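All of these numbers come straight from a predicted model, not from anything done at the bench. Computation of the quantities below employed the complete heavy-atom set of this structure, encompassing side-chain atoms and omitting hydrogens, waters and symmetry-equivalent molecules.
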Amino acid sequence: LFRSWEKVCYPTEEGGLGIRDFGDMARAFSCKLWWTLRGRDGIWADFMHTKYVRGRHPFRSTVPRPSSTWKRLEVIREVAESQIRWCVGRGFVDFWWDRWLLDTPLAEFLGVEDPPHTLLAEFFCSSGWNSQRLGQILPSALVDRVVELELDVTVQDRMVWLPSSS
């Protein structure tokens with residue numbers, strides 16, 4: 001006889017029943033909701049952006065009277081966002097808050113408090129990167145990394161989920 005739910009959730013090879021833990025499943029489904037929100041994938045995501053995000057980065061949005069769904073997203077957003085990286089195409093990613101260059105948002109890495117909403121593409125023009133403008137806000141080592149990137153206006157930016165160790 002099993003003495004705890006935790007043991008029931010052990011794999012059968014370890015003496016459990018192999019049932020998935022409900023808390024783990026709820027977190028996984030919440031991460032999927034966050035992914036859908038971030039990808040602006042469908043009418044639900046558009047609604048959530050209109051009602052809660054309102055032009056800010058979803059990671060930075062605060063809501064005075066959130067719905068239960070938004071509360072669920074607030075609980076998971078730090079974990080979920082830390083697993084998302086951006087493969088840059090057109091450069092329509094948030095310069096300060098999306099993880100497109102480092103494993104940390106540039107705003108956190110550089111300690112920039114409440115930066116303005118800026119897209120990566122705003123630093124790129126027909127002749128290439130605006131190194132001078134980048135140099136006004138980034139250390140030279142980061143400017144060097146940015147100018148190595150090639151933007152392709154024919155390709156959508158793409159979110160990727162980091163691989164899991166399990």
Side-chain angles (χ1 to χ4, degrees), residues 5-6 8-11 16-124 129 137-138 142 145-146 148-166:
W5 179 252
E6 181 183 325
V8 170
C9 294
Y10 281 1
L17 295 179
I19 296 173
R20 293 188 185 253
D21 181 83
F22 293 132
D24 291 343
M25 293 301 294
R27 282 186 289 281
F29 286 128
S30 294
C31 283
K32 182 160 176 54
L33 272 180
W34 184 260
W35 177 269
T36 302
L37 175 78
R38 291 292 280 125
R40 297 291 298 253
D41 190 18
I43 194 167
W44 175 83
D46 288 341
F47 169 78
M48 295 299 279
H49 270 267
T50 301
K51 183 168 173 97
Y52 297 111
V53 178
R54 295 180 296 234
R56 293 183 301 266
H57 192 281
F59 185 68
R60 305 289 295 165
S61 293
T62 57
V63 178
R65 291 184 325 223
S67 67
S68 60
T69 302
W70 187 258
K71 287 178 188 176
R72 180 176 170 184
L73 290 170
E74 285 180 326
V75 168
I76 202 69
R77 70 179 165 189
E78 191 167 326
V79 170
E81 197 65 28
S82 72
Q83 299 303 306
I84 294 173
R85 298 297 179 274
W86 288 89
C87 295
V88 177
R90 295 157 63 182
F92 291 174
V93 297
D94 190 291
F95 181 83
W96 293 108
W97 293 109
D98 285 334
R99 289 168 166 91
W100 58 272
L101 184 66
L102 306 172
D103 288 338
T104 305
L106 286 174
E108 284 182 20
F109 183 78
L110 297 171
V112 178
E113 294 287 327
D114 199 28
H117 176 65
T118 309
L119 297 177
L120 175 60
E122 294 175 43
F123 295 92
F124 196 79
W129 289 103
I137 57 174
L138 295 177
L142 290 180
R145 287 185 62 180
V146 172
E148 289 175 8
L149 293 173
E150 292 185 30
L151 290 191
D152 184 347
V153 295
T154 65
V155 176
Q156 293 281 356
D157 302 308
R158 189 170 44 94
M159 273 191 320
V160 293
W161 189 264
L162 288 181
S164 168
S165 60
S166 58

Colleague: Hey, could you give me the CE/OG1 distance between Met48 and Thr36, rounded to the nearest 0.5 Å?
Modeller: 11.0 Å
Colleague: Supply the atom-to-atom distance His117 NE2 to Glu122 CD, rounded to the nearest 0.5 angstrom.
Modeller: 7.0 Å
Colleague: Are any of the side-chain nitrogens in Arg38 or Asp94 under 4.0 Å away from the carboxylate oxygens of its partner?
Modeller: no
Colleague: Just how far is it from atom CG of Leu151 to atom CG of Leu120, taken to the nearest 0.5 Å?
Modeller: 5.5 Å
Colleague: Does Arg60 reach the main-chain N or O of Asp114 with its side chain, forming a donor-acceptor pair under 3.5 Å?
Modeller: no
Colleague: Going by ring-ring contact (aromatic ring centres under 6.0 Å, His included), name the residues that satisfy it together with Trp100, two or more places apart in sequence or in a different chain.
Modeller: Phe95
Colleague: Which heavy-atom pair separates Val79 from Ser82 by the least distance, and what is that distance?
Modeller: O-OG, 2.7 Å
Colleague: Show your reasoning for whether side-chain contact (heavy atoms from CB on, under 4.5 Å) applies to Phe124 and Leu149.
Modeller: CA-CA 11 Å; Phe124 196 79; Leu149 293 173; over 6 Å; no
Colleague: How close do Leu102 and Arg145 get, heavy atom to heavy atom, and via which atoms?
Modeller: CD2-NH1, 3.2 Å
Colleague: Could you walk me through whether Ser61 and Glu74 pass side-chain contact (heavy atoms from CB on, under 4.5 Å), step by step?
Modeller: CA-CA 9 Å; Ser61 293; Glu74 285 180 326; over 6 Å; no
Colleague: side-chain contact (heavy atoms from CB on, under 4.5 Å) between Ile84 and Glu81: does it pass, once the steps are laid out?
Modeller: CA-CA 5 Å; Ile84 294 173; Glu81 197 65 28; 4.2 Å; yes
Colleague: Kindly compute the distance separating CH2 (Trp35) from CG (Asp41), expressed to the nearest 0.5 Å.
Modeller: 10.0 Å
Colleague: Around atom CZ of Arg40, are there more than 12 heavy atoms of other residues, nucleotides or ligands at under 6.0 Å?
Modeller: yes
Colleague: If you round to the nearest 0.5 Å, how far is CG of Leu106 from CH2 of Trp97?
Modeller: 10.0 Å
Colleague: Just do the side-chain contact (heavy atoms from CB on, under 4.5 Å) check on Asp103 and Arg85 with the steps written out, would you?
Modeller: CA-CA 8 Å; Asp103 288 338; Arg85 298 297 179 274; 3.1 Å; yes
Colleague: Heavy atoms only: give me the nearest Leu33-Thr69 pair and the separation to one decimal.
Modeller: CD1-CG2, 4.4 Å
Colleague: Where do Pro58 and Arg77 come nearest, in terms of heavy atoms and distance?
Modeller: O-NH1, 3.1 Å
Colleague: Asp157 side chain to Arg90 main-chain N or O, any donor-acceptor pair under 3.5 Å?
Modeller: yes
Colleague: Only counting residues at least two apart or in another chain, list the ones meeting ring-ring contact (aromatic ring centres under 6.0 Å, His included) with Phe59.
Modeller: none
Colleague: Under the 3.5 angstrom rule, does the side chain of Arg20 hit a backbone N or O of Met25 as a donor-acceptor pair?
Modeller: no
Colleague: To the nearest 0.5 Å, what is the distance between CZ on Arg54 and OG1 on Thr62?
Modeller: 7.5 Å
Colleague: Please examine the side chains of Trp86 and Met159, heavy atoms only from C-beta on, and report whether any two atoms are closer than 4.5 Å.
Modeller: yes
Colleague: Parallel under 30°, tilted from 30 to 60°, perpendicular over 60°: which one fits the rings of Tyr52 and Phe47?
Modeller: perpendicular
Colleague: Below 4.5 Å, heavy atoms only, C-beta onward: do Arg27 and Val75 meet side chain to side chain?
Modeller: no
Colleague: Would you call the rings of Trp34 and Trp70 parallel, tilted or perpendicular if under 30° counts as parallel and over 60° as perpendicular?
Modeller: tilted
